[in-house]
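Shown next, in structure tokens, is the structure this report addresses.
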Amino acid sequence: MTSSSGGSGAADHRGFNTRAIHAGQEADATTGAVVVPIYQTSTYKQDGVGGLRSGYEYSRSANPTRTALEECLAALENGARGLAFASGLAAEDAALRTLCAPGDHVLLPNDAYGGTFRLISRVLSRWGVEHTPVAMHDPAAVAAAMRPNTTVVWIETPTNPLLNVIDIAALAEIGHSQQATVVVDNTFASPYLQQPLALGADVVVHSTTKYLGGHSDVVGGALVAADAELGEQLAFHQNAMGAVSGPFDAWLVLRGIKTLGVRMDRHCANAERIVEFLGEHPAVSTVLYPGLPSHPNHEVAARQMTGFGGMVSFRVRAGEEAALKACELTEVFTLGESLGGVESLIEHPHRMTHASVAGSLLEVPADLIRLSVGIEDIDDLLADLTAALA
Ligand SMILES: *Cc1c(COP(=O)(O)O)cnc(C)c1O
């Protein structure tokens, strides 16, 4: 943590967990504090007019706690620049308004995160930005939907809650063939399981509210740019638009990140056991999980992910009422929205997270249940599901 320039610098070749614990987080120069302090300050004393200490001037522009997080994020995604925002949607807004002007066109998945779809279709559309939702697990459909004014190919993989998998490398090639910027929402996989920049993407987006924070105690967002020049443009918009992460929120995300690797290993292991259990359960008609060989995009997932994650969706044979009942009967799985925390969550997308898209192209089946599998003891999770589905 040596300057206010955000997450930038030479490539860090240390292992993932070492970077998670140390990147941007050298011991405090003054006190030796091992953990980056929460710099709860809005402004900084100048040594004479313009005489900034380490470049800090005002905390919207830069704050040392946020700098530490931004450097760590850049190191985890192997990008040139990391930026931390007040929420995932604030990060998305900054990215889209950096990359789009009136008359530009955005391609996005036809099962994109509802908030992303709302931002593009109801906010940016008022500023003359056009969009087309596409079944992005089919690269040919993406190639066919590209227009001369397509400036952004917005990818999200795996998708929520249907867990479709999109081929990042194939779409990066299609997007770049027409000079579009390729953005990947990497929230569901986390940088531990998927490295979009290495697959050719230009920008990674995160809701750090989810796996990066990991403890359901903070709302935050992030951007990581592969290239320093685009990183600089994003940083300009971050400061000009102002939706930055506060120091305490940045600190919580930074603390969460330290255990990301071990948490993801456990999320994946627990999810695999639950997928196996659900696959054999008579009340369950379909299990949606990228790790299943029967998943339509399993081959792509196996190629571009190093694990299949902690999100599992499934459909129950007896229909919507049975799905609602099961959501209300679990005791270890908490009924709630969001995902990616240490505690297991269960929800009914049709009535909860995806209620706003009922009747639209993004509508999800009413017999669908989504699990965010936590890191509790697997026997307790299996017993809980057994009782709820009985
Ligand atoms: C939650 C989420 C977002 C939005 O992030 P917020 O932090 O809630 O603003 C974006 N994309 C995905 C995939 C998400 O799950």
Side-chain angles (χ1 to χ4, degrees), residues 66 69 73 77 83-97 106 108-124 131 133 136-137 152 154-166 168 183-194 196 201 203-224 238 241-246 248-250 252-253 256-257 260 264 267 288 290 305 309-313 336-341 345-347 349 352-357 362 364 370-374:
R66 198 176 90 221
L69 171 59
L73 288 164
E77 292 284 3
L83 298 162
F85 292 82
S87 71
L89 278 171
E92 295 189 16
D93 184 31
L96 286 161
R97 285 203 271 163
V106 177
L108 76 164
N110 64 1
D111 57 350
Y113 175 73
T116 303
F117 185 71
R118 182 176 57 197
L119 174 65
I120 294 172
S121 67
R122 296 187 50 192
V123 180
L124 290 173
H131 68 280
M136 284 198 169
H137 48 272
V152 173
W154 188 280
I155 300 170
E156 181 187 326
T157 182
T159 62
N160 173 23
L162 298 176
L163 301 170
N164 282 312
V165 171
I166 295 170
I168 297 171
V183 181
V184 176
D185 183 336
N186 202 25
T187 298
F188 266 43
S190 91
Y192 185 68
L193 301 179
Q194 181 168 274
V203 180
V204 167
V205 177
H206 281 285
S207 169
T208 56
T209 314
K210 316 295 170 50
Y211 286 106
L212 287 168
H215 295 75
S216 306
D217 54 10
V218 63
V219 171
L223 296 176
V224 179
Q238 179 196 41
M241 292 161 63
V244 297
S245 173
F248 184 50
D249 287 358
L252 282 170
V253 174
I257 284 175
L260 180 64
M264 291 313 295
H267 283 297
L288 308 175
M305 302 176 79
M311 299 303 296
V312 177
S313 294
E337 301 191 356
S338 197
L339 60 113
L345 298 176
I346 188 167
E347 70 121 357
M352 294 169 63
T353 46
H354 291 64
S356 66
V357 294
L362 281 80
V364 297
R370 188 189 79 179
L371 304 176
S372 173
V373 178

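Residues take their numbers from the sequence shown, with the count starting at 1. As the structure is a computational prediction, the values presented were derived from the model and not from experiment. Remember, it's 1-based here, ligands and their atoms both numbered in the order they're listed.
A donor-acceptor pair under 3.5 Å is absent between the side-chain atoms of Thr209 and the main chain of Val219, judged by distance alone. The closest donor-acceptor contact from the side chain of Ser245 to the backbone of Ala86 lies at 3.5 Å or more, if one exists at all. No donor-acceptor pair under 3.5 Å is formed between the side chain of Glu337 and the backbone N or O of Glu347. A donor-acceptor pair under 3.5 Å is absent between the side-chain atoms of Gln194 and the main chain of Pro158, judged by distance alone. Distance alone, capped at 3.5 Å, is enough to place a donor-acceptor pair between the Ser121 side chain and the Phe117 backbone. In this structure, the side chain of Gln238 does not engage the main chain of Ala94 through any donor-acceptor pair within 3.5 Å. Side-chain atoms of Asp111 do not come within 3.5 Å of backbone N or O of Asn160 as any donor-acceptor pair.
Contacts between Thr187 and ligand 1, counted as non-hydrogen atom pairs separated by less than 4.0 Å, involve the side chain only.
Nearest protein neighbour of atom 9 (O) of ligand 1, counting heavy atoms only, is Leu89 N, 2.9 Å. Counting protein heavy atoms only, atom 3 (C) of ligand 1 is closest to Tyr113 CE2, 3.4 Å. Among protein heavy atoms, the minimum distance from atom 6 (P) of ligand 1 is reached at Gly88 N, 3.4 Å. Of the protein's non-hydrogen atoms, Lys210 NZ, 1.4 Å is the one closest to atom 1 (C) of ligand 1.
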>> Checking Val205 against Val184 for the side-chain contact (heavy atoms from CB on, under 4.5 Å) test, could you report, in this order, the C-alpha distance in whole Å, the side-chain angles of both residues, the deciding distance, and whether it holds?
In response: CA-CA 6 Å; Val205 177; Val184 176; over 6 Å; no

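Taking every non-hydrogen atom of Ser87 and a distance limit under 4.0 Å, the qualifying atoms of ligand 1 come out as 7 (O), 9 (O). Within ligand 1, the atoms closer than 4.0 Å to a non-hydrogen atom of Thr209 are 7 (O), numbered from 1 in the order shown. Atoms of ligand 1 lying under 4.0 Å from at least one heavy atom of Asp185, given by number and element, are 10 (C), 11 (N), 12 (C), 13 (C). Against a heavy-atom cut-off of under 4.0 Å, Glu92 is close to the following atoms of ligand 1: 10 (C), 11 (N). Listed by number with element, the atoms of ligand 1 under 4.0 angstrom from any heavy atom of Ser207 are 1 (C), 2 (C), 3 (C), 4 (C), 5 (O), 6 (P), 7 (O).
Taking the centre of each ring, His267 and Tyr211 come in below the 6.0 Å mark.
At least one heavy atom of Gly220 sits less than 4.0 Å from an atom of ligand 1. Every heavy atom of His206 sits 4.0 Å or more from the atoms of ligand 1. The shell of residues lying under 4.0 angstrom from ligand 1, judged by heavy atoms, excludes Asn160.
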